[in-house]
Structure formats: C-alpha cells, structure tokens
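In what follows, every heavy atom counts, from backbone to side chain, and hydrogens, waters and symmetry copies are set aside. Residue numbers run from 1 in the order of the sequence given. This is a predicted model, so every value here is computed, not measured.
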Amino acid sequence: SALASIDMARVINAIGYNAVVALPQVGSPLAKMLQKYEIEYIEDCPDVINFTYHNASSGIIKASIKHILKTRYKKKWKNILKIVAPDIVLLNSGAQNPMISIVRKEGIPCICYVRETIRYRANNIFNIILRNRMAKAEAVLFLSKFDMRQWRIKNTKQYVIPEIVGSQFDGQNIEKKVSDPIIVLYLGGFNYEKGVQEIVKAFSFIKEKNIKLEILGDDGTFLYNYSNFYKRILYFKQIKVIKDSRKLITELNKKGIQINIRGVQNNVNKWYENADIVVFPVKKVHQARPVYEAGRYALPVIVPDYENFEGSVTDGE
C-alpha cells in the first residue's frame with residue numbers, strides 16, 4: 001500500500017492537482033522515492049488512527065487494542081489537517097476508517113481506498129460497524145469487483161480502481177530467461193498472514209539442488225529482538241513465525257537447500273528480472289501486489305485459489 005500511495009500521488013499530480021503524502025517517520029525509504037517523483041510530503045506524522053479488522057488481520061482483540069492506543073493522536077491529526085488544509089483527504093487503506101469522521105468534522109471531503117478483503121462472515125457486528133463508518137466517506141474505492149461485492153457498503157459513491165504497477169518499474173526490460181539454478185521469489189517478509197512459513201516448509205520437501213528461494217521483505221529482526229513486553233504478547237503469533245521459520249531455514253541451508261533472507265528492498269526490479277517464478281502463499285484472502293508485479297515481468301505466479309484473485313489470475317495461463 002505504501003508503493004501504491006506513490007502511484008496514486010503521481011496520478012493526482014498528473015491531472016493537475018497537488019498530492020501531499022503524510023509519512024509516519026523521518027528519512028524513510030519512501031521519502032526518497034517521493035523525492036524522485038517530485039511529490040510533496042510531510043514527515044514525522046503520528047500513527048494513523050486505525051481499526052485493523054479485515055480478513056488478513058489477527059482478530060478483534062488485537063484490532064481493538066491497537067485502535068485504543070492510537071486514539072491519543074486525534075488532536076495531532078486535527079492540527080495537521082489545519083496546517084496542510086487539504087481540499088480532499090484520501091485514506092490509503094480501509095483500516096484507516098476511524099479517520100473518516102475526524103476528517104469530515106474538519107469540513108474536508110474524504111475518500112477511503114479499501115485495500116482489504118472483508119473478514120469472514122459479512123454480517124458480523126464488527127463488519128457492519130465498518131460498513132457504516134466507510135459509508136460516511138464521499139467515496140469508497142476498491143481494488144476488485146469481488147471486494148466491492150463483499151463489502152456491500154451503501155449510501156455512498158463506489159468505484160473499482162485496480163492496483164497498478166508503476167513507481168518502481170518504469171522503463172524496465174521484461175524479457176525473461178530461465179536461470180540455473182531455478183529462482184523462486186517470495187515477497188512478503190516474515191509475516192504470518194503472507195505465508196512465509198508455508199513456503200519455507202515446502203522447501204523442506206525439495207530434493208533437487210538446482211533451485212533456491214529468495215525471501216524479500218521485513219526479516220522480523222526488530223520485532224523479534226527489540227519488542228517490549230506488551231508487543232511480545234500482542235504479536236505472539238508473529239514472533240513465533242519469525243523464530244520457527246528462521247530455525248528451519250538454518251537447518252535446511254545446512255543440508256544444502258538454498259534459502260536466502262534478503263530483507264526490505266527499496267528496488268525490487270533486479271529480483272523480478274532474475275526470478276523464474278513468484279510464490280505468494282497467503283494464508284487468508286488477501287490483496288497481493290506481487291501478483292501484479294509478476295505479471296509486469298511475465299512471470300508465472302502461484303497463489304491460493306481465492307475468489308479475490310479472479311480478476312488478476314487465470315489458472316493455467
């Protein structure tokens with residue numbers, strides 16, 4: 001979604017408006033990319049007040065705790081809105097839905113880009129609350145027709161705007177050559193929902209030596225080594241995935257299986273150029289930018305058989 005925000009900002013600027021991107025830290029890699037495209041931004045913003053209840057989240061308890069902890073930033077966001085004085089606020093995630101009422105109270109129109117798939121039963125009480133919140137926005141955007149159907153938000157304008165792949169791939173050569181060894185590319189870091197443990201376990205069954213796995217994304221070092229007590233409880237499942245996956249990778253590498261942990265990458269072009277196949281084994285229905293990026297490089301991609309991929313992946317093609 002961070003990369004997608006750059007693409008959206010470029011579109012906004014290209015049609016004659018001025019996009020300002022709010023960043024939560026100073027000197028982030030995202031800031032350098034925004035500078036490259038001459039996109040205005042502000043840094044050191046507080047965390048967005050969010051409610052992360054969707055199909056790739058860890059449940060209502062965790063979402064509620066995070067929401068309560070972040071409500072203390074309400075006054076800071078009101079001050080930012082007064083200083084920037086935007087004509088429209090575009091929220092880059094459906095999880096940012098608590099911000100809709102804050103923005104609207106300042107008399108500013110608000111658009112919410114829902115990048116998440118609704119969680120399990122469509123009519124549970126928490127999904128109904130989210131629907132009602134999102135309906136207060138001037139417009140709601142979705143990545144796919146599937147998601148728009150599932151959310152069933154009423155009484156507001158709704159549009160499907162599929163993900164695009166632009167900011168990191170302009171002018172890149174997409175000609176592919178099969179490599180030796182065969183390179184399997186996984187993007188998603190050491191994340192439970194994105195299935196890092198599934199792809200690592202799968203490699204434990206591989207007997208051939210001419211295949212290797214490249215793992216891109218957050219390697220979990222900071223969460224695993226520097227989390228305080230409350231974070232260790234809140235992210236228990238995630239920390240266990242990091243620990244177990246790293247242990248298995250070490251064991252497999254000792255046996256001659258090639259698994260490389262590459263960490264966060266500012267530019268993933270070279271990884272797609274060298275890869276033979278992309279695997280994205282998400283454990284829950286989830287939005288998958290690697291699918292679009294694999295398509296940009298004419299690479300085969302393996303994903304679970306989820307309905308929300310119906311608009312971007314055709315089995316066997």
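With contacts defined as side-chain heavy-atom distances shorter than 4.5 Å, the pair Thr117/His54 does not qualify. Contact check for Val140 versus Trp151: no side-chain heavy atoms found under the 4.5 Å cut-off. By the 4.5 Å heavy-atom criterion applied to side chains, Asp315 and Asp305 are not counted as neighbours. At least one side-chain heavy atom of Ile80 sits less than 4.5 Å from a side-chain heavy atom of Cys45. Within the 4.5 Å cutoff, the side chain of Ile153 has heavy atoms near those of the Thr156 side chain. Taking 4.5 Å as the limit, every side-chain heavy atom of Pro281 sits out of range of all side-chain heavy atoms of Val303. Two residues are said to be in side-chain contact when any heavy atoms from C-beta on lie closer than 4.5 Å; Phe203 and Ile211 meet this criterion. Counting heavy atoms from C-beta on, the side chains of Val301 and Val279 never come closer than 4.5 Å.
Note on residues 250-270: pairs passing salt bridge (Lys or Arg N to Asp or Glu O under 4.0 Å), not counting sequence neighbours, are Glu214-Arg262. Listed by first then second residue, pairs satisfying salt bridge (Lys or Arg N to Asp or Glu O under 4.0 Å) with a partner in residues 68-89 read Lys82-Glu106, not counting sequence neighbours. Applying the side chain to side chain donor-acceptor pair (under 3.5 Å) test to pairs two or more places apart or on separate chains, those with a residue in residues 197-208 are Glu198-Lys283. Screening residues 134-145 for salt bridge (Lys or Arg N to Asp or Glu O under 4.0 Å) gives Arg104-Glu138 as the qualifying pairs, with residues at least two apart or on separate chains.
Remark: Asn18 engages Glu40 in a side chain to side chain donor-acceptor pair (under 3.5 Å) (not counting sequence neighbours). Listed by chain and number, the residues in a side chain to side chain donor-acceptor pair (under 3.5 Å) with Tyr186 amount to none (sequence neighbours excluded). The ring-ring contact (aromatic ring centres under 6.0 Å, His included) search around Tyr41 returns none, not counting sequence neighbours. The side chain to side chain contact (heavy atoms under 4.5 Å, CB included) search around Ser101 returns none, not counting sequence neighbours. Residues passing the side chain to side chain donor-acceptor pair (under 3.5 Å) test with Ser144, sequence neighbours excluded: Asp147. Every side chain to side chain contact (heavy atoms under 4.5 Å, CB included) that Asp219 has, sequence neighbours left out, goes to Phe190, Thr221, Arg246, Ile261. In terms of the side chain to side chain donor-acceptor pair (under 3.5 Å) criterion, Gln96 has no residue partners (sequence neighbours excluded).
Summarising the local packing, NZ of Lys247 is surrounded by 12 or fewer heavy atoms from other residues, nucleotides or ligands at distances under 6.0 Å. Summarising the local packing, CD of Gln25 is surrounded by more than 12 heavy atoms from other residues, nucleotides or ligands at distances under 6.0 Å.
By the 30° and 60° cut-offs, the orientation of the rings of Tyr297 relative to Tyr272 is parallel.
For Asn97 and Tyr53, the side-chain atoms include no donor-acceptor pair closer than 3.5 Å.
With respect to Asp244 and Lys237, no salt bridge is recorded, no charged nitrogen being found less than 4.0 Å from a carboxylate O.
Alongside Tyr113, the hydrophobic cluster contains Met8, Ile12, Ile15, Tyr17, Ile88, Leu90, Ile111, Leu141, Leu143, Tyr159, Ile161 (criterion: ILVMFWY side chains under 4.5 Å).
Residues Ile68 and Trp77 fall into different hydrophobic clusters, defined by Ile, Leu, Val, Met, Phe, Trp and Tyr side chains chained together at heavy-atom separations under 4.5 Å.
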